Asker: 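One structure is given below, represented as structure tokens, and several questions about it will come after.
All values derive from a computational prediction rather than experimental measurement.
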Amino acid sequence: MNILMICTEKLPVPNIRGGAIQTYICGVASLLSKHHRITILGRTDPDLPNEEVSEGIRYVRVNSDGVLDVYLQEVRHFLSQNQEHYDIIHIFNRPKLIAPVHDLAPDARIILSMHNDMFNPIKISKAEGSKAIELAERIITISNYIGSAIYDYFPQVEPKLKTIYSGVDLSKFAPWTESQYSLQARESIRTEHNITSKKVILFVGRLSRNKGPHVLVRAMSHLQHSDAVLVIVGGAWYSDNTMSDYIAYVRALAERSPIPVITTGYVQAHDVHRWFCASDLFVCTSIWQEPLARVHYEAMAAGLPFLTTNRGGNPEIVRNNNGILITNPEDPLEYAHHLNQLLSDPQGSRQMGLNGRRMVEQHFTWQRVANDILSVWEGK
């Protein structure tokens with residue numbers, strides 16, 4: 001079949017600027033292209049050509065300025081000028097694109113992948129949402145939580161929903177005890193930051209209040225392990241090291257912490273895995289209803305025990321003693337309690353990390369994600 005995949009307007013594909021959706025598309029595209037002809041439509045980037053064919057996949061990049069309405073006009077222009085017939089048009093996270101895409105390609109089957117709560121009435125009207133659901137053949141969600149959220153607004157969606165959990169590159173994110181590449185990355189970054197003998201607690205994510213890193217910094221005041229260090233990786237946005245009021249607040253807290261806190265700022269997407277290799281524990285502090293953060297897969301692949309919050313889709317990934325669920329994400333004492341336990345029990349922590357690694361090996365590979373998408377495309 002001839003497939004068109006339409007990415008969002010925010011970040012380019014390949015994922016040179018990061019982004020969960022872009023990483024997802026990159027993870028599966030080459031595997032899907034072994035079975036079907038793939039074109040990926042996305043936004044422009046100064047470091048990428050506007051059109052290219054790479055590893056058999058055609059990439060077309062159009063202007064968006066990060067604005068959906070601008071991007072929509074470019075998508076319309078592409079489809080109106082395009083001479084190809086697409087059997088399937090797979091749209092990512094933008095239900096508002098479905099009706100205009102259908103108007104220009106009425107014979108194409110439309111598949112929608114949802115990574116966020118974009119059917120919220122704040123983001124889409126009842127009429128637009130209902131039309132999108134009517135025109136979409138299937139709606140893939142990255143967690144049961146996202147599917148439930150859509151169902152709450154539009155109960156008629158139920159027979160079209162399918163959860164397909166995301167995946168991770170098992171070779172890039174690998175335990176340092178099992179991979180020479182990961183061991184070298186671990187030693188290099190620990191030496192560079194003078195933390196060779198430290199127990200490293202890691203946070204990775206955008207630095208915003210709803211992501212909650214300030215609570216984790218506050219938890220350091222209750223940590224009983226003076227040989228620990230907290231590393232906060234991330235900036236205000238992808239490729240953005242702007243000093244927001246919130247980031248200034250987090251850094252002010254960090255300066256007063258009795259436990260050292262390293263704030264790295266934004267780290268390029270191709271380098272983030274090195275921090276997972278260098279760390280001993282991972283913490284996701286989301287206060288908001290997180291769809292299901294992909295950092296969980298990366299932490300598990302790296303063999304790290306983790307704490308995560310009972311928010312949104314996050315609890316769906318806590319199974320078989322691979323991590324610990326935080327019930328009150330705004331309570332520093334709850335984080336400190338579990339961190340102290342894990343740091344005091346290296347053998348138990350190690351086993352928890354191994355449980356997570358085995359889980360991603362069995363259930364969260366990109367090959368499994370691609371197979372699940374193929375089953376939707378091929379109507380199985």
Side-chain angles (χ1 to χ4, degrees), residues 7-8 10-11 15 18-28 92-95 112-120 123 138-153 157 161-170 173 202-206 208 210-213 216 233-234 238 269 272-273 276 282-302 304-327 329 352 355-357 359-366 368-370 372-373 376:
C7 191
T8 64
K10 296 296 185 183
L11 295 164
N15 58 333
I21 295 170
Q22 292 71 22
T23 300
Y24 184 104
I25 293 172
C26 286
V28 299
F92 284 81
N93 215 44
R94 294 295 182 263
L112 177 65
S113 277
M114 293 305 303
H115 292 246
N116 296 93
D117 185 12
M118 302 302 291
F119 277 92
N120 190 305
K123 298 177 180 178
R138 295 297 297 273
I139 298 178
I140 296 168
T141 63
I142 61 156
S143 64
N144 292 332
Y145 166 75
I146 290 296
S148 296
I150 300 172
Y151 174 82
D152 287 344
Y153 307 127
V157 77
L161 289 173
K162 181 178 177 63
T163 299
I164 296 181
Y165 290 108
S166 192
V168 65
D169 184 336
L170 294 180
F173 293 87
L202 180 66
F203 168 93
V204 177
R206 292 195 309 278
S208 61
N210 65 13
K211 289 286 189 178
L216 186 56
V233 174
Y238 302 103
V272 169
H273 68 282
F276 282 90
F282 181 79
V283 186
C284 173
T285 53
S286 293
I287 294 171
W288 72 308
Q289 297 296 338
E290 185 83 56
L292 201 174
R294 66 162 295 100
V295 287
H296 295 95
Y297 302 107
E298 294 166 349
M300 286 192 291
L304 300 182
F306 66 86
L307 308 182
T308 191
T309 60
N310 189 20
R311 289 292 186 270
N314 289 350
E316 296 174 38
I317 210 73
V318 182
R319 317 175 206 162
N320 304 329
N321 191 34
N322 63 336
I324 295 172
L325 206 57
I326 298 294
T327 57
M352 187 176 286
N355 292 343
R357 174 67 186 189
M359 184 182 294
V360 294
E361 290 173 348
Q362 293 169 14
H363 301 292
F364 302 120
T365 65
W366 286 125
R368 192 273 307 156
V369 180
D372 285 354
I373 293 172
V376 170

Asker: Step by step, would you call Phe203 with Phe282 a side chain to side chain contact (heavy atoms under 4.5 Å, CB included)?
Answerer: CA-CA 6 Å; Phe203 168 93; Phe282 181 79; 5.6 Å; no
Asker: Can you see which heavy atom on Ile142 is nearest to which on Leu292, and at what distance?
Answerer: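 Scanning both residues completely, I find the closest heavy atoms to be CD1-O, 3.9 Å.
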Asker: Below 4.5 Å, heavy atoms only, C-beta onward: do His296 and Val318 meet side chain to side chain?
Answerer: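 No; the side chains remain at least 4.5 Å from each other.
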Asker: Could you go through Phe276 and Val233, starting from their C-alpha distance and side-chain angles, then the distance that decides it, and tell me whether this counts as side chain to side chain contact (heavy atoms under 4.5 Å, CB included)?
Answerer: CA-CA 10 Å; Phe276 282 90; Val233 174; over 6 Å; no
Asker: Cation-pi check for Tyr165 against Arg319: NZ or CZ below 6.0 Å from the six-membered ring centre and within 45 degrees of the axis, yes or no?
Answerer: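 Flagged: Arg319 positioned over aromatic ring of Tyr165.
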Asker: Is it the case that the side chain of Glu298 and the backbone of Phe173 share a donor-acceptor pair, with hydrogens and angles ignored and the cut-off at 3.5 Å?
Answerer: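 No; judged by distance alone, with no hydrogens or angles, the pair does not exist.
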Asker: Could you tell me whether a side-chain N or O of Glu316 sits under 3.5 Å from a main-chain N or O of Ser143, the two making a donor and an acceptor?
Answerer: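 Not at all, since once roles are kept as given, no pair shorter than 3.5 Å links the two residues.
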Asker: Using the side chain to side chain contact (heavy atoms under 4.5 Å, CB included) rule, take Glu290 and Trp288 through it: C-alpha gap first, then chi angles, then the decisive distance, then the call.
Answerer: CA-CA 6 Å; Glu290 185 83 56; Trp288 72 308; 3.0 Å; yes
Asker: Using side-chain heavy atoms (C-beta onward) and a distance below 4.5 Å, is Asn310 in contact with Ile326?
Answerer: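 Contact flag for Asn310/Ile326 side chains = no.
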Asker: Step by step, would you call Tyr297 with Phe364 a ring pair (Phe, Tyr, Trp, His ring centres under 6.0 Å)?
Answerer: CA-CA 7 Å; Tyr297 302 107; Phe364 302 120; 5.0 Å; yes
Asker: How far apart are the closest heavy atoms of Asn210 and Ser208, and which atoms are they?
Answerer: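 Closest approach of Asn210 to Ser208, heavy atoms only: OD1-OG, 2.8 Å.
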Asker: I need the Ile139 CD1 to Ile150 CD1 distance, nearest 0.5 Å.
Answerer: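 Separation between the atoms: 5.5 Å.
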Asker: A side-chain contact here means heavy atoms from C-beta on lying under 4.5 Å apart; do Phe92 and Arg94 qualify?
Answerer: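 Phe92 vs Arg94: side chains apart.
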Asker: Which heavy atom of Asn355 sits nearest to which heavy atom of Asn320, and what is that distance?
Answerer: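 Minimum heavy-atom separation between Asn355 and Asn320: ND2-O, 3.4 Å.
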Asker: When you measure from the side chain of Arg357 to the backbone N and O of Met300, does any donor-acceptor pair fall under 3.5 Å?
Answerer: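 No, because the side chain of Arg357 does not come within donor-acceptor range (under 3.5 Å) of the backbone of Met300.
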Asker: If I take atom CD1 from residue Ile317 and atom CG from residue Asn322, how far apart are they, to the nearest 0.5 angstrom?
Answerer: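 Spacing of CD1 (Ile317) from CG (Asn322) equals 7.5 Å.
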Asker: Using the rule side-chain contact (heavy atoms from CB on, under 4.5 Å), only one of Leu112, Ile21, Ile146 pairs with Asn93; which is it?
Answerer: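 Of the listed residues Leu112, Ile21, Ile146, the side-chain contact (heavy atoms from CB on, under 4.5 Å) partner of Asn93 is Ile21.
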Asker: Please name the pair of heavy atoms, one in His115 and one in Pro291, separated by the smallest distance, quoted to 0.1 Å.
Answerer: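 Taking every non-hydrogen atom into account, O-CB, 3.2 Å.
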Asker: To the nearest 0.5 Å, what is the distance between CG (Asp169) and SG (Cys26)?
Answerer: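 Asp169 atom CG to Cys26 atom SG measures 11.0 Å (nearest 0.5 Å).
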Asker: Distance check, rounded to the nearest 0.5 Å: Lys211 atom NZ versus Leu216 atom CG?
Answerer: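 Atom-to-atom, Lys211:NZ and Leu216:CG are 14.0 Å apart.
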Asker: Considering non-hydrogen atoms only, spot the tightest contact between Gly167 and Arg294 and give its length.
Answerer: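 Closest approach of Gly167 to Arg294: O-NH2, 2.9 Å.
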Asker: Can you tell which of Thr141, Ile140, Ile164 makes a side-chain contact (heavy atoms from CB on, under 4.5 Å) with Ser113?
Answerer: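 With Ser113 as partner, Thr141, Ile140, Ile164 yield a single side-chain contact (heavy atoms from CB on, under 4.5 Å), made by Ile140.
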Asker: Taking all atoms of both residues into account, what is the closest heavy-atom pair of Ile324 and Met352, and its distance?
Answerer: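 Reported closest heavy-atom pair: CG1-CE, 4.0 Å.
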Asker: So Lys123 and Pro95, do their side chains get closer than 4.5 Å, heavy atoms only?
Answerer: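 Side-chain contact under 4.5 Å: no.
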Asker: Before giving the answer on side chain to side chain contact (heavy atoms under 4.5 Å, CB included), spell out for Thr163 and Tyr145 the whole-Å C-alpha distance, their side-chain angles and the decisive distance to 0.1 Å.
Answerer: CA-CA 9 Å; Thr163 299; Tyr145 166 75; over 6 Å; no
Asker: Within the structure provided, determine whether Phe306 and Cys284 are in side-chain contact (heavy-atom separation under 4.5 Å).
Answerer: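 No, side chains not in contact.
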Asker: So, the side chain of Thr309 versus the backbone of Ser286: is there a donor-acceptor pair under 3.5 Å, distance only?
Answerer: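 Yes.
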